Amino acid sequence: MAEYVKRQQRPVKEDARVTKTKERLRESLLDLMEDKPLADISITALCASAHVNRNTFYAHYGSPADVLDELMADLGSAMAHSLAVTRRRGSVAWLTELCENVQENRHAYEMLFATSDGRTYIEREILSAYKLVMDATAERIRRNPRHADAFAFAAGGSMALLELWVSEGAQGSPEDMACLINRLCKTGMSGIFEED
């Protein structure tokens, strides 16, 4: 059975039955995405796999893509939360939080890496996080657009390392992966920042 991402707590508490139904739909969607692309997954197939009535599905979603969108939003919320908590402690701290989230939700990340929309989403979130964590460089980015390229490089490299880690079963500690990502990004970006 698939692992899945549990929904982040919402300001208004959701009924336990609704939460369980949405978790079953997410789990089933990720299972189905192992065999076919999202565009080929019908509502009928998703509902049958999740053992959910179509009317119940339509009470919460309009399409299987909406289920995936909500999953991605919740992953983004988890990433934003970890960034907010660890931002002042530096990039290794938030990268460790990110890697813990990826490891805990490995199955969801496998599916996201397998789709172009998912890859774009992950890269955008990582790039945004880099820009926030490294706010000491914000003035440099405004003065020299090449620095934005360095952050794009760091985000793309981080995503590639995370994708490889996930494809290998996310073995090893999140902290070790965070340190590797941080070290490689700093090394790659140091040449640009030294030129100033």
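FYI, the numbering just counts along the sequence from 1. Keep in mind the model is a prediction, meaning the values are calculated, not measured.
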Show me the side-chain donor-acceptor pairs of residues 152-162 shorter than 3.5 Å, one per line, residues at least two apart or across chains.
residue: S158; atom: OG; partner: Y130; partner atom: OH; Å: 2.7
residue: S158; atom: OG; partner: A154; partner atom: O; Å: 2.7

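- For L46, the side-chain contact (heavy atoms from CB on, under 4.5 Å) partners are L25, S28, L29, L32, I41, F57, P64, V67, not counting sequence neighbours.
- Residues passing the salt bridge (charged side-chain N to carboxylate O under 4.0 Å, His left out) test with E110 are R106, sequence neighbours excluded.
- The distance from the CG atom of L95 to the SG atom of C185 is 7.5 Å, given to the nearest 0.5 Å.
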Quick one, M33 with L68, criterion side-chain contact (heavy atoms from CB on, under 4.5 Å). Give me CA distance, side-chain angles, the key distance, then yes/no.
CA-CA 10 Å; M33 286 177 68; L68 183 61; 4.3 Å; yes
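- Here the side chain of E100 pairs no donor or acceptor atom with the backbone of P174 at under 3.5 angstrom.
- Every residue two or more places apart in sequence or in another chain that forms a side chain to side chain donor-acceptor pair (under 3.5 Å) with D176 is listed here: S173.
- Here the CD-CG distance, from E175 to L180, works out to 12.5 Å after rounding to the nearest 0.5 Å.
- Annotation: side chain to side chain donor-acceptor pair (under 3.5 Å) contacts of R119 (sequence neighbours excluded): E163.
- Between H107 and D31, the closest heavy-atom pair is NE2-OD1, 3.9 Å.
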Using the side-chain contact (heavy atoms from CB on, under 4.5 Å) rule, take C47 and N53 through it: C-alpha gap first, then chi angles, then the decisive distance, then the call.
CA-CA 6 Å; C47 289; N53 181 290; over 6 Å; no
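- Judged by distance alone, with hydrogens and angles left aside, the side-chain atoms of D66 form a donor-acceptor pair with the main-chain N or O of G62 at under 3.5 Å.
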Let's go through Y61 and D69 carefully: what are the C-alpha distance in whole Å and the side-chain angles of both, what is the deciding distance for side-chain hydrogen bond (donor to acceptor under 3.5 Å, both in side chains) to 0.1 Å, and is it a yes or a no?
CA-CA 10 Å; Y61 303 106; D69 288 344; over 6 Å; no
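- Formation of a donor-acceptor pair under 3.5 Å by the T56 side chain with backbone atoms of V52 is not found in this model.
- No path of Ile, Leu, Val, Met, Phe, Trp and Tyr side chains, each step under 4.5 Å between heavy atoms, connects M111 with L164, placing them in separate hydrophobic clusters.
- Between C99 and M177, the closest heavy-atom pair is SG-CG, 3.7 Å.
- Across every non-hydrogen atom of E70 and K22, the tightest pair is OE2-NZ, 3.7 Å.
- With contacts defined as side-chain heavy-atom distances shorter than 4.5 Å, the pair R26/D74 qualifies.
- Not one N or O on the side chain of S49 forms a donor-acceptor pair closer than 3.5 Å with the backbone of A45.
- Every pair tested for salt bridge (Lys or Arg N to Asp or Glu O under 4.0 Å) that includes a residue from residues 36-60 fails, sequence neighbours excluded, so the list is empty.
- Residues forming a side-chain contact (heavy atoms from CB on, under 4.5 Å) with A65 (at least two apart in sequence, or on another chain): L38, S63.
- One distance of note links CZ of R17 with OG1 of T21; it measures 8.5 Å at 0.5 Å rounding.
- For S42, there are no side chain to side chain donor-acceptor pair (under 3.5 Å) partners two or more places apart in sequence or in a different chain.
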